[in-house]
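Quick caveat: nothing in here was measured; it's all calculated off a predicted structure. Computation of the quantities below employed the complete heavy-atom set of this structure, encompassing side-chain atoms and omitting hydrogens, waters and symmetry-equivalent molecules.
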Amino acid sequence: MSGPNAAQAERWGGPAGHHWVEHEAAYDRQLEGYGAALLNTAALQGSDEVLDVGCGTGTTSLVAARQAQHVLGLDLSPVLIDRARARAAAYPNLDFRVDDAQTARLAVPVDVVISRFGLMVFDDPPAAFSNLRRAAVPGGRLVTISWQGLERNDWMRVLGEALARVVPVGDLAEPGLPGPFSLASREDLTALLETAGWSDVTVDEVALPVPVGGARTLDDAVEFVRGGSLGRSVLAGVSPAVEARAMGQVRDALAPHVGPDGVVLPGAAWVVQATNVRDTPRR
């Protein structure tokens, strides 16, 4: 597979996408508070044409479709889009498309571009954010949510540190590379959007607890980590004994965070808003 974002297309069209579909409810519970913060900020109107970027299995799109005139969900993964379409059968104003938001061309300009953690994995962020602006009407809005740095997100930091005691993990937040923390810098994120032609950029903090894997028990959280992207990548090829040691470290690290709502650790994200004030010719 080649072309823009080929690695992400391969990843989400394969094991990562299948794991998300199989554990959809767990992922949605993990991100529920942040998704609500996104949509509360977006304050969609009944006349809005909405684009949901990196829509996954359609959770945010489904909520948006109850508020807006029409919603189009885009995602690179056929696996995720198949599931999203199945969930949207009763929504005549909701469509899904397998496409890359970095290069996609839309027949109808949109009033609002939204994304729940879907804008952090582009190979070429300036090109992607410019393309999204071109998809918006003059005065159209971008409202998205993305993670702050690893140091503010213990739900990932604690897991990484636990696994690293046994197996190589690498840098989970390497600057400039596609990944969950690629938009962690408020200053860089603001500059990226302004360079892409967005105006009136605001980047506000939202800090909410994260139930790891949406899990309500320690056993469920450990199994979720084992089968998730981080667990699969760092445990690939290791012996059963090494895997057992690594997951024992994860269990020990998560155990102090078990409470009535499950295994919960701190998290923090940016809620981003911007406006397209340019009248860009359609292509």
Side-chain angles (χ1 to χ4, degrees), residues 1-32 34-35 38-39 42 44 48-66 68 70-91 93-125 127-136 142-147 178-180 182-183 214 228-229 232 269 272:
M1 186 176 296
S2 60
N5 303 302
Q8 294 298 325
E10 183 175 1
R11 176 189 177 201
W12 290 105
H18 288 289
H19 188 268
W20 194 292
V21 170
E22 292 163 8
H23 298 85
E24 177 184 87
Y27 280 109
D28 283 346
R29 183 168 184 263
Q30 177 170 282
L31 301 176
E32 182 177 13
Y34 290 97
L38 167 70
L39 288 168
L44 300 175
D48 283 337
E49 182 79 25
V50 177
L51 175 65
D52 185 7
V53 180
C55 64
T57 60
T59 298
T60 304
S61 301
L62 287 164
V63 179
R66 300 183 198 120
H70 181 261
V71 178
L72 172 63
L74 289 187
D75 202 284
L76 284 168
S77 169
V79 173
L80 298 178
I81 289 295
D82 282 349
R83 170 59 182 157
R85 286 173 175 155
R87 297 176 74 190
Y91 289 78
N93 66 331
L94 177 54
D95 295 298
F96 292 101
R97 191 168 108 194
V98 179
D99 210 336
D100 182 351
Q102 184 172 311
T103 57
R105 302 294 181 261
L106 304 183
V108 177
V110 298
D111 300 292
V112 188
V113 179
I114 62 172
S115 183
R116 185 191 72 172
F117 300 114
L119 302 183
M120 305 172 297
V121 294
F122 292 119
D123 286 347
D124 189 344
F129 281 97
S130 295
N131 194 51
L132 291 175
R133 187 184 60 76
R134 286 189 288 269
L142 171 74
V143 185
T144 182
I145 193 163
S146 57
W147 296 115
S182 67
L183 302 179
S229 294
R232 287 196 315 274
V272 182

Q. Taking the inter-plane angle between the rings of H23 and Y27 on a 0 to 90° scale, is it parallel (under 30°), tilted (30 to 60°) or perpendicular (over 60°)?
A. perpendicular
Q.
For the CG atom of D124 and the CG atom of N5, what is their distance to the nearest 0.5 Å?
A. 8.5 Å
Q: Run through V121, D100, V98 and flag the one making a side-chain contact (heavy atoms from CB on, under 4.5 Å) with L76.
A: D100
Q: Determine, step by step, whether E32 and T59 satisfy the side-chain contact (heavy atoms from CB on, under 4.5 Å) criterion, reporting the C-alpha distance in whole Å, the side-chain angles of both residues, the deciding distance to 0.1 Å, and the verdict.
A: CA-CA 10 Å; E32 182 177 13; T59 298; over 6 Å; no
Q.
Please report the interatomic distance CD(Q8) to OG(S77), rounded to the nearest 0.5 Å.
A. 11.0 Å
Q. Measuring from D75:CG to W20:CH2, what's the distance to the nearest 0.5 Å?
A. 9.5 Å
Q. Where the side chain of T144 meets the backbone of S115, is there a donor-acceptor pair that is under 3.5 Å apart?
A. yes
Q: Any pair with a residue in residues 94-121 that passes ring-ring contact (aromatic ring centres under 6.0 Å, His included), sequence neighbours left out, goes on the list, sorted by first then second residue, please.
A: Y34-F117, F117-W147
Q. Quick one: side chain to side chain contact (heavy atoms under 4.5 Å, CB included) partners of D99, sequence neighbours excluded?
A. L74, R97, A104
Q) Run the side-chain contact (heavy atoms from CB on, under 4.5 Å) check on M120 and L183 step by step: do they pass? A) CA-CA 6 Å; M120 305 172 297; L183 302 179; 3.9 Å; yes
Q) Can you tell me how far CD of E24 sits from CZ of R87, rounded to the nearest 0.5 angstrom? A) 4.0 Å
Q. Which atom pair, heavy atoms only, marks the closest approach of A84 to G58?
A. CB-N, 3.9 Å
Q: Please examine the side chains of R83 and L80, heavy atoms only from C-beta on, and report whether any two atoms are closer than 4.5 Å.
A: no
